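Attaching a single structure in structure tokens format; questions to follow.
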Amino acid sequence: MALHALDDVDDALDVTRTFLGSLDRTAWVKLALVALFIGGPGANVNSFQYTFGGDGGTGGPAPGVPPGDVFGPNAWLLVAGVVGFFVLLGLAFALVGSVMEFVFVESLRNESVTVRRYWGRRWKQGVRLFGFRLLVGFFVFGTVALFAAPFLLAAAGFEPFTGGVSLAVLLVVLLPLFVVLAVVAGLVNGFTTVFVVPIMILDDCGVLAGWRRLWATITRHWVQYLAYAVASFFLSIVGGILVAIVTVVFVVVLLVPFGLLFALGIGLVEFVAEPVGIAVFVLAGLLFGLAVLAVAALVQVPVQAYLRYYAMLVLGDVDETLDLVPTQRAAVRGSPDVVEE
């Protein structure tokens, strides 16, 4: 029995090369934006702290503030507000990313990048995908919390959990369960993204209906999907390494012009006007962060396109009724697709 996961490695590369070669600059930028939201590069925001005279660097409470009020209710409300803001920001990013999954697959399928049209057509399915991912995430988080509870209780000094032997036994029992949970959750999330999303587009259905359709093929051709899971794992690692290398190279190149701006900001702080220098320094940092983010997103495009084409080729080979890319398949193989049972 031929393994489609092995046969489609080269075909996916040919399809990806043909697709990307047909794109203009604008389409590349649009795809980079989409890749940013579907799990591409992330941005780390560095905070810079400055001290403006006085005794601010001692780390003590401000004058007139009693020591006990440093971590009072107002401080905790501020912390809760900041945490809540970033949680909402993360949820908004995840929601947009769920819709962008459909935009990306539609772009690959139709070989045409039109974010607004695909968004308008698929946003409801994107919301359903977001809800499904959220439920899976809550389930995983709750399970991990249950696994960690005995060890946290032991650290807090609760008597039933303070015995070293009992904790060792729990660790031996729970660790395999945790590994199984991680593998299952990874497969569910991964298969939902690369297989269920295309099925949702093909059948214009929801996540659960897409999973029912996929599950019917998994039970019949589980060896093919197992081979895909193994092959895609290593392909993702290789793709991640390539993205990291290329991104680092570009970051080093970007350090030359932005390093001059940073040096200018430091010089202004030391010799001209401290506020002006700080403004230049912060502006240079923001521009540098955006430049790195843009480069990383652009580098992600070919890797993401390859991995998605690869999954769709495997899906269509396993079940020809689930083929989203018959034209691309026939073009690289030079003949109509023949599915092996």
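Side chains included, hydrogens not; waters and symmetry mates left out as well; all remaining heavy atoms used. Small disclaimer: the values here were computed from a predicted structure and weren't measured.
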Result of checking Val144, Thr143, Val183 against Phe178 for side chain to side chain contact (heavy atoms under 4.5 Å, CB included) |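 In the set Val144, Thr143, Val183, the residue that makes a side chain to side chain contact (heavy atoms under 4.5 Å, CB included) with Phe178 is Val144.
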
Would you check if Ile201 and Glu106 make a side-chain contact, meaning some heavy-atom pair closer than 4.5 Å?
->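 Yes, side chains in contact.
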
Atom of Ala35, atom of Ala297 and distance for their closest heavy-atom approach |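 Smallest interatomic distance, heavy atoms only, reads CB-O, 4.1 Å.
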
Are the side chains of Asp317 and Asp323 in touch, meaning some heavy atoms are under 4.5 Å apart?
->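 Asp317 does not reach Asp323 side chain to side chain.
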
May I have the step-by-step check of side chain to side chain contact (heavy atoms under 4.5 Å, CB included) for Val194 and Leu307, ending in yes or no?
-> CA-CA 8 Å; Val194 301; Leu307 293 175; over 6 Å; no

For Thr217 and Tyr225, what are the C-alpha separation, side-chain angles and deciding distance, and is it a side-chain hydrogen bond (donor to acceptor under 3.5 Å, both in side chains)?
-> CA-CA 9 Å; Thr217 69; Tyr225 287 99; 2.7 Å; yes

Between atom CZ of Arg212 and atom CG of Leu214, what is the distance when rounded to the nearest 0.5 Å?
-> 12.0 Å

So how far is it from Leu208 CG to Met200 CE, rounded to the nearest 0.5 Å?
->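 Here the interatomic distance stands at 9.0 Å.
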
Path from Trp215 to Val136 over hydrophobic side-chain contacts below 4.5 Å | yes

Do Leu322 and Leu187 belong together in a cluster built from hydrophobic side chains that touch within less than 4.5 Å?
-> yes

Residues Phe139, Leu135; criterion side chain to side chain contact (heavy atoms under 4.5 Å, CB included); working and verdict | CA-CA 6 Å; Phe139 173 77; Leu135 288 176; over 6 Å; no

Gln328 vs Leu313 side-chain heavy atoms within contact, under 4.5 Å =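 Result no, sub-4.5 Å side-chain heavy-atom pair not found.
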
If every non-hydrogen atom of Ile38 is compared with every non-hydrogen atom of Gly97, which pair is closest and at what distance?
->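 Closest pair (atom of Ile38, atom of Gly97, distance): CG2-O, 3.9 Å.
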
Heavy-atom closest pair (Cys205 atom, Gly210 atom, distance to 0.1 Å) is SG-N, 3.7 Å

Does a side-chain heavy-atom distance below 4.5 Å link Leu91 with Leu95?
-> no

Should Val230 and Ile241 be counted in the same cluster of Ile, Leu, Val, Met, Phe, Trp and Tyr side chains packed under 4.5 Å apart?
-> yes

Return the minimal non-hydrogen interatomic distance between Ser98 and Leu129, and the atom names on each side.
->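 Distance-wise, the nearest heavy atoms are O-CD2, 3.6 Å.
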
Could you state whether Phe138 and Val188 fall into the same hydrophobic cluster, counting links through intermediate Ile, Leu, Val, Met, Phe, Trp or Tyr residues with side-chain heavy atoms under 4.5 angstrom apart?
-> yes

State, yes or no, whether a side-chain contact exists between Phe132 and Val196 at a heavy-atom distance under 4.5 Å.
-> no

Looking only at non-hydrogen atoms, find the nearest pair between Pro198 and Leu315 and report the distance.
-> CB-CD2, 4.4 Å

When Val332 is tested against each of Leu13, Asp14, Thr16, Val325 for side chain to side chain contact (heavy atoms under 4.5 Å, CB included), which residue passes?
-> Asp14

Share the residues that join Leu88 in a hydrophobic cluster, the rule being Ile, Leu, Val, Met, Phe, Trp or Tyr side chains under 4.5 Å apart at the heavy-atom level.
->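 Traced through the cluster, Leu88 reaches no other member.
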
Quick one: side chain to side chain donor-acceptor pair (under 3.5 Å) partners of Arg213, sequence neighbours excluded?
->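 Counting only residues at least two positions away or on another chain, Arg213 forms a side chain to side chain donor-acceptor pair (under 3.5 Å) with Asp203, Thr321.
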
Which pairs, with at least one residue in residues 176-193 and sequence neighbours excluded, count as a side-chain hydrogen bond (donor to acceptor under 3.5 Å, both in side chains)?
->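 As it turns out, the side-chain hydrogen bond (donor to acceptor under 3.5 Å, both in side chains) pairs with a partner in residues 176-193, which skip direct neighbours, are Arg133-Thr193, Thr192-Trp211.
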
Would you mind listing every salt bridge (Lys or Arg N to Asp or Glu O under 4.0 Å) that reaches into residues 174-183, with sequence neighbours excluded?
-> none

Among residues two or more places apart or on two chains, list those pairs meeting ring-ring contact (aromatic ring centres under 6.0 Å, His included) that have a residue in residues 98-125.
-> none

Identify, with sequence neighbours excluded, every residue that meets ring-ring contact (aromatic ring centres under 6.0 Å, His included) alongside Phe130.
->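 Phe130 satisfies ring-ring contact (aromatic ring centres under 6.0 Å, His included) with no other residue.
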
Remaining members of hydrophobic cluster (4.5 Å side-chain criterion), Phe85 |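 Direct or chained contacts put Phe85 with Leu78, Val82, Phe86, Leu89.
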
Nearest-0.5 Å distance that lies between atom CD1 in Ile199 and atom CZ in Phe191 |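 Going from CD1 on Ile199 over to CZ on Phe191, the span is 11.0 Å.
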
Which atom of Ala216 lies closest to which atom of Thr219, heavy atoms considered =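 What the structure gives for the nearest pair is O-OG1, 2.9 Å.
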
Nearest-0.5 Å distance, CD1 of residue Ile218 to CZ of residue Phe195 | 7.5 Å

Contacts of type side chain to side chain donor-acceptor pair (under 3.5 Å), residue Tyr306, not counting sequence neighbours =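 Once residues adjacent in sequence are excluded, Tyr306 has no partner under the side chain to side chain donor-acceptor pair (under 3.5 Å) criterion.
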
Would you tabulate the side-chain donor-acceptor contacts of residues 23-31 under 3.5 Å, counting partners in other chains and residues two or more places apart, or write 'none'?
unit_1: Asp24; atom_1: OD1; unit_2: Thr26; atom_2: N; d: 3.3
unit_1: Asp24; atom_1: OD1; unit_2: Ala27; atom_2: N; d: 2.9

Salt-bridge contact Arg333-Asp8 (side-chain N to carboxylate O under 4.0 Å) | yes

Quick one: name the residues clustered hydrophobically with Val238, using the 4.5 Å side-chain heavy-atom rule over I, L, V, M, F, W, Y, and just say none if it's on its own.
-> Leu242

For side chain to side chain contact (heavy atoms under 4.5 Å, CB included), just list the numbers for Val251 and Val295, CA-CA rounded to whole Å, side-chain angles, deciding distance to a tenth of an Å, and then say yes or no.
-> CA-CA 8 Å; Val251 168; Val295 167; 5.9 Å; no

List the steps, then state whether side chain to side chain contact (heavy atoms under 4.5 Å, CB included) holds for Val299 with Val303.
-> CA-CA 8 Å; Val299 174; Val303 174; 5.7 Å; no

Heavy-atom distance under 4.5 Å between the side chains of Asp204 and Arg122, does that happen here?
->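 Asp204 reaches Arg122 side chain to side chain.
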
Which residue pairs pass the salt bridge (Lys or Arg N to Asp or Glu O under 4.0 Å) test when at least one of the two sits in residues 280-309, sequence neighbours left out?
->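 Qualifying pairs: Glu101-Arg308.
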
Do Val223 and Leu3 touch side chain to side chain, with heavy atoms closer than 4.5 Å?
-> yes

Value for CG (Asp11) from NE2 (His4), rounded to nearest 0.5 Å, stands at 11.5 Å

Tell me whether Val253 is reachable from Val292 by hopping between hydrophobic residues (I, L, V, M, F, W, Y) whose side-chain heavy atoms are closer than 4.5 Å.
->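 Different hydrophobic clusters.
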
Please tell me if the side chains of Met100 and Val115 come closer than 4.5 Å, counting only heavy atoms from C-beta onward.
->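 When only atoms from C-beta onward are counted, Val115 and Met100 do touch, with a gap below 4.5 Å.
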
Residue pairs passing the side-chain hydrogen bond (donor to acceptor under 3.5 Å, both in side chains) test where at least one lies in residues 227-244, sequence neighbours excluded |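 Qualifying pairs: none.
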
In Å, rounded to the nearest 0.5 Å, how long is the span from CG of Leu324 to CE of Met312?
-> 6.5 Å

